[in-house]
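Contents: one structure, followed by commentary.
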Protein chains: 2
Amino acid sequence: MTAALQAGVGVTDRPGNRSRGVSIKDVARAADVSVATVSNALNHPELLSADTHARVMRAVEKLGYVRSESARQLRAGQSRMLGLLALDMRNPFFGGMAHGAEQAARADGLGVMLCDSSQDLAAEEFYLGLFAEQRVRGALVTPTDSSATSLSVLRRHGIPYVFLDRVASGDEACSVSVDDVTGGRLAVGHLLEQGHRDIAYLSGPMSLPQCRDRRTGALQACDEAGVDHDTVTVVEAERLDVEAGRDAGSRLLGRSPRPTGVFCANDLIALGVLQTLVAAGVAVPDDIALVGYDDIDFAAAAAVPLTSVRQPAAQMGATATELLVREIAGDEQHVHENVEFAPELVVRRSSITRH
Amino acid sequence: MTAALQAGVGVTDRPGNRSRGVSIKDVARAADVSVATVSNALNHPELLSADTHARVMRAVEKLGYVRSESARQLRAGQSRMLGLLALDMRNPFFGGMAHGAEQAARADGLGVMLCDSSQDLAAEEFYLGLFAEQRVRGALVTPTDSSATSLSVLRRHGIPYVFLDRVASGDEACSVSVDDVTGGRLAVGHLLEQGHRDIAYLSGPMSLPQCRDRRTGALQACDEAGVDHDTVTVVEAERLDVEAGRDAGSRLLGRSPRPTGVFCANDLIALGVLQTLVAAGVAVPDDIALVGYDDIDFAAAAAVPLTSVRQPAAQMGATATELLVREIAGDEQHVHENVEFAPELVVRRSSITRH
DNA sequence: CAGCGAGATCAAAACGATTCAAATGGGTTA
DNA sequence: TAACCCATTTGAATCGTTTTGATCTCGCTG
């Protein structure tokens, strides 16, 4: 097990060189009381006489004292931070989740440490190690790999965690997710309703359960409509971003017969595909109908407004945080809970066929 | 209260799990050495015999020991974290900056604490306070208010900071910015070149220097083209997001005479405006030409591909981090530096008038 | 006046790591 | 044999806070 943070930056070879800030001792001296009294003034004001309290606060103010979280943490054995590990912060969907989580955490006086694994296992392990070193109070995690062995670091340290945008297997943890199977079914069901029979699913990495579930839903929809599974083209993009979408789009154009109804694993992929199609002179929705996933703000503003499956990103982040906080503060018999939101199809022009 | 919190954690805990994690003492006991030796094994392996080192590492592995960053920090007097405070993480531009900063920091063995002030002063102060409590090694800040008095918390604690996407006034700090005046000039200059004479600037909050500078540049361009200042319509959106853009767009439509060339303070606003215009049946670029700012990924994928002023987001984040690291590790006579990137106009269909 | 409880304050002991000076032990040299 | 050296290892101090019991000072009751 390597330390998450290696020595890198000019480590102080000469301790005592750098000025340590104002400490509780300085405040105590200035207010002419003991350090215990200063601590009480800040944490249990009701124990002090109004006079002493005021005197201490004046000294705090005057010296600009800010308590050291590390010392407080060391004593308390835990921090006031949550860790949030997302797949890709540049995806507005995760940005929205992070935002919701941050708001909810702040309401409980907790900070959030935001990290971006970039769907990279090494980065994921780095950050989970960081969470452990920091002894974060809890973690919100969207794991990269389905096995999620990297979470053992958290378990060993008794750090509770909640899965974000991922269903917990068994009763390992709480989780907040969206029913991706239904989401996929809605998307492809809609394409089928529009009369399309040559369906493609443009997936992200199949190692992600989200991508697998959306495929499952897509195939289910085909079953229900009596369309043969095997006619469904599946293209797997390497990552879930716009660039990978552009790539996947050109691969799609090479296929024959060319699908007429395309369901993309998320909006970034869909927007990338859209760019490729537009550049290639393929008309959307007339030649190819397109459905995305997440309904990020930009879907509605796309070249052709994008039909998408909406997930309540901010609400998911907030709910996950609430579950986590409840687990942290909760009594012994905490039972893991899986909150599942329903996806919602938002139809826009990219999928509406005119006849 | 704290005791209750500690008790709540361990549903999945095996018996024998203590509420506090494995400490260096446990490792020392398991490896039959002193704590000092364990510490050395981890931080100065060259001091130990190969045999002892191996024995200690085996114990570390077996117990799943992860050192407590708070204890280490307390002793060291500073942490291995940088703080990054951005205006809005849901804006892909800031996402890109954060990503660049994170990469650069990780290369130096530093972690980054990402925070989102949501352009809210209270949130900004909360997070800066958090940075101080955490004794972060340094901070990357895009302040909400122009006065930036909230930064005094950092100054008092000798925490170095670098301005991100904001020029430092005087020699207060290093900064990484883009020449927004030039950016504004490029944008509006381009609109004027296309023959537009009724120009509008769709700004975000004027409290943001970015918004003010872009306006300055816009007016400069008018001067140079001999167009009167006063004919420029200025609409101020409350926030810099898509929704605010939609609002601003409908306000714009009410104006008469209606401007034909519109420069938006950022791409989110522009995309919002674009949605409103399209919905209202106003043709872009024929009725109204549109220019955005930031050149986020989605600009190219917009309903009408969006002309935009590109800023190198990731590079800005990385550069800022490098400046900060240099200041942290640097010698006494550190001189603050302002790295200014040049904006670049990327012309797409939204601004090209056909005649 | 002795006794007592309440209110206010404090001294000292943690917490978990790092570091420095000192101790240990084995080998070499004078 | 004594003196010294080098490589290892360690005890103890330290960082800034919170918390726990102890102390001290009142004012009140019996």
Checklist entry - Can any side-chain N or O of B:Q73 pair as donor or acceptor with the backbone N or O of B:Q134 at less than 3.5 Å? => result yes
Next on the checklist: Whether B:R72 contacts C:dT18 is assessed here as follows: a side-chain N or O lying under 4.0 Å from the phosphate OP1 or OP2. Is that the case?
Outcome noted: yes
Checklist entry - Between the base of C:dT18 and the side chain of B:R75, is there a donor-acceptor distance below 3.5 Å? => result yes
Checklist outcome for this item: Of the listed C:dA17, D:dT10, D:dT18, the closest approach to the B:S34 side chain comes from D:dT10
Checklist entry - Any salt bridge between A:E69 and A:R72, counting N to O under 4.0 Å? => result yes
Item to check | Protein-nucleotide distance (A:Q134, atom CD; C:dG16, atom P), rounded to Å | outcome: 16 Å
Next on the checklist: Taking only side-chain N and O atoms of B:H44, does any of them lie within less than 4.0 angstrom of OP1 or OP2 on C:dT19?
Outcome noted: yes
Checklist outcome for this item: Rounded to whole Å, CG of B:N40 lies from C1' of C:dT18 at a distance of 9 Å
Checklist entry - What is the nucleic acid contact for B:N43, judged by heavy atoms within less than 4.0 Å: base, sugar-phosphate only, or nothing? => result sugar-phosphate
Checklist entry - Rounded to whole angstroms, how far apart are CD on A:E133 and P on C:dG16? => result 16 Å
Item to check | DNA chain C contacts made by residues 49-68 of chain A, counting heavy atoms under 4.0 Å | outcome: A:S49, A:T52
Checklist entry - Which one, D:dT9, D:dT18, C:dC10, comes nearest to the side chain of A:A36? => result C:dC10
Item to check | d(CD, B:E46; P, D:dT9) in whole Å | outcome: 13 Å
Checklist entry - Do A:S34 and A:T37 meet the criterion of a side-chain donor-acceptor pair at a distance under 3.5 Å? => result yes
Checklist entry - NA contact type, A:S23, heavy-atom cut-off 4.0 Å: base, sugar-phosphate, or nothing? => result sugar-phosphate
Checklist entry - Is the number of heavy atoms from other residues, nucleotides or ligands within 6.0 Å of CG (A:D32) greater than 12? => result no
Checklist entry - Is the side chain of A:D120 donor-acceptor paired with the backbone N or O of A:A122 at a distance under 3.5 Å, no angle test? => result yes
Item to check | Nearest-nucleotide 5' precedence on DNA chain C, B:L74 against B:T37 | outcome: B:L74
Item to check | Distance in angstrom units between A:K25 NZ and D:dT18 C1', rounded | outcome: 14 Å
Item to check | Residue B:L48, side-chain heavy atoms: nucleotide from D:dT9, C:dA17, D:dT17 that is nearest | outcome: D:dT9
Item to check | Minimum heavy-atom distance between B:D116 and A:H99, given as atom pair plus value | outcome: OD2-CD2, 3.2 Å
Checklist entry - Quick one: B:L47 CG to C:dC20 C1', roughly how many Å, whole number? => result 12 Å
Item to check | Length of the CZ-C1' vector between A:R29 and D:dG16, whole Å | outcome: 13 Å
Checklist entry - Quick one: B:R135 CZ to D:dC15 P, roughly how many Å, whole number? => result 14 Å
Checklist entry - Have A:Y161 and A:E327 got a donor and an acceptor in their side chains that come within less than 3.5 Å? => result no
Next on the checklist: Any base atoms under 4.0 Å from B:V38, or only sugar-phosphate, or nothing? Heavy atoms, all strands.
Outcome noted: nothing
Checklist outcome for this item: The single option from B:S150, B:S117, B:S118 that satisfies side-chain hydrogen bond (donor to acceptor under 3.5 Å, both in side chains) with B:E124 is B:S150
